[in-house]
Amino acid sequence: MAGVKTASRDKTRAWQRMLSGRRLDLLDPSPLDVEISDIAHGLSRVARWNGQTAGDHAFSVAQHSLLVEQIFSRIEPDASPQRRMMALLHDAPEYVIGDMISPFKAVVGGGYKAIETRLQVAVHLRFSLPATMPAPLKAQIKRADQIAAFFEATRLAGFSESEAVRFFGRPRGIDPLGLDLFPRATQNVQKDFLDRFFALDAARGGKEGV
């Protein structure tokens with residue numbers, strides 16, 4: 001009707017409510033809204049490989065993160081607790097945005113990466129870690145991540161060894177014996193992830209906050 005203004009639509013919601021009660025803004029995440037309990041809860045319920053893995057349970061991102069930290073510790077046996085914590089938290093943004101498989105990331109492009117990077121910075125600042133990871137450390141964690149992906153692909157996701165070598169490289173110098181590659185129940189993985197985080201946090205002096 002004439003003279004009546006149309007009400008403007010609400011802005012699109014860009015935050016997610018967490019079980020801790022925090023509201024995390026995806027576009028401008030604050031370290032103050034990041035909680036390790038939310039990260040552990042979310043990652044233990046996000047499936048690697050879009051859930052296309054063998055076993056009675058999904059192989060979660062939380063279990064993958066524990067595996068990457070385990071492999072990283074073999075590659076860098078003298079690594080500090082802080083560096084090991086960064087390995088453990090290397091996929092932390094996925095507690096919010098999920099585990100998008102590599103082929104889909106390639107289709108989505110840079111927007112996804114920008115959100116992922118902002119979330120990673122917020123996570124690092126929350127736990128008194130460097131906002132930007134040093135390049136050599138990033139490369140070593142990436143190597144551990146690729147080794148984990150190779151073993152997950154061949155033992156859980158149905159890849160042939162030749163396929164896995166083509167996509168992830170051959171894992172040299174790492175024996176899969178003793179690696180945690182058996183998909184486990186959500187609650188158990190969630191507890192193990194939290195236990196490992198707090199063990200590393202205590203070892204570096206308890207710098208758990210901003």
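As the structure is a computational prediction, the values presented were derived from the model and not from experiment.
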*asked:* Taking side-chain contact (heavy atoms from CB on, under 4.5 Å) as the criterion, tell me which of Ile39, Leu89, Asp145, Asp91 meets it with Ser65.
replied: Asp91
Could you tell me the separation between the [atom1] atom of [X] and the [atom2] atom of [Y], rounded to the nearest 0.5 Å?
| X | Y | atom1 | atom2 | answer |
| --- | --- | --- | --- | --- |
| Gln140 | Leu137 | CD | CG | 8.0 Å |
| Arg83 | Glu76 | CZ | CD | 6.0 Å |
| Glu163 | Phe168 | CD | CZ | 9.5 Å |
| Glu69 | Phe197 | CD | CZ | 12.0 Å |
| Leu67 | Leu88 | CG | CG | 11.5 Å |
| Phe127 | Met86 | CZ | CE | 13.5 Å |

*For Ser20 and Asp38, test the side chains for any donor-to-acceptor distance below 3.5 angstrom and give the result as yes or no.*
yes
Taking every non-hydrogen atom, the tightest pair across [X] and [Y]:
| X | Y | result |
| --- | --- | --- |
| Ala47 | Ala58 | CB-CB, 3.8 Å |
| Trp49 | Ala157 | CD2-CB, 4.0 Å |
| Ala148 | Val68 | CB-CG2, 3.8 Å |
| Leu125 | Ala131 | CD2-CB, 4.0 Å |
| Arg204 | Ser128 | NH1-O, 3.6 Å |
| Leu24 | Pro29 | CD1-CB, 3.9 Å |

Side chain to side chain, [X] and [Y], heavy atoms closer than 4.5 Å:
| X | Y | value |
| --- | --- | --- |
| Arg118 | Ile115 | yes |
| Phe193 | Ile36 | yes |
| Glu161 | Phe150 | yes |
| Val96 | Met18 | yes |
| Val34 | Arg22 | no |
| His90 | His64 | yes |

*Before giving the answer on side chain to side chain contact (heavy atoms under 4.5 Å, CB included), spell out for Arg23 and Asp33 the whole-Å C-alpha distance, their side-chain angles and the decisive distance to 0.1 Å.*
CA-CA 6 Å; Arg23 291 186 178 186; Asp33 291 325; 5.7 Å; no
*Determine whether Val123 and Trp15 fall in the same hydrophobic cluster, where Ile, Leu, Val, Met, Phe, Trp and Tyr are linked whenever their side-chain heavy atoms lie under 4.5 Å apart.*
no
Show the atom names and distances, to 0.1 Å, of all donor-acceptor pairs under 3.5 Å that link a side chain in residues 172-190 to residues at least two apart or in another chain.
{"from": "Asp175", "atom 1": "OD1", "to": "Leu177", "atom 2": "N", "distance (Å)": "2.9"}
{"from": "Asp180", "atom 1": "OD1", "to": "Gln63", "atom 2": "NE2", "distance (Å)": "3.2"}
{"from": "Asp180", "atom 1": "OD2", "to": "Gln63", "atom 2": "NE2", "distance (Å)": "3.4"}
{"from": "Asp180", "atom 1": "OD2", "to": "Arg184", "atom 2": "NE", "distance (Å)": "3.4"}
{"from": "Asp180", "atom 1": "OD2", "to": "Arg184", "atom 2": "NH2", "distance (Å)": "2.9"}
{"from": "Arg184", "atom 1": "NH1", "to": "Asp192", "atom 2": "OD2", "distance (Å)": "2.8"}
{"from": "Arg184", "atom 1": "NH2", "to": "Asp192", "atom 2": "OD2", "distance (Å)": "3.2"}
{"from": "Gln190", "atom 1": "OE1", "to": "Arg45", "atom 2": "NH1", "distance (Å)": "2.7"}

*Does the pair Arg48/Glu152 count as a salt bridge with the N-to-O cut at 4.0 Å?*
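A salt bridge links Arg48 with Glu152.
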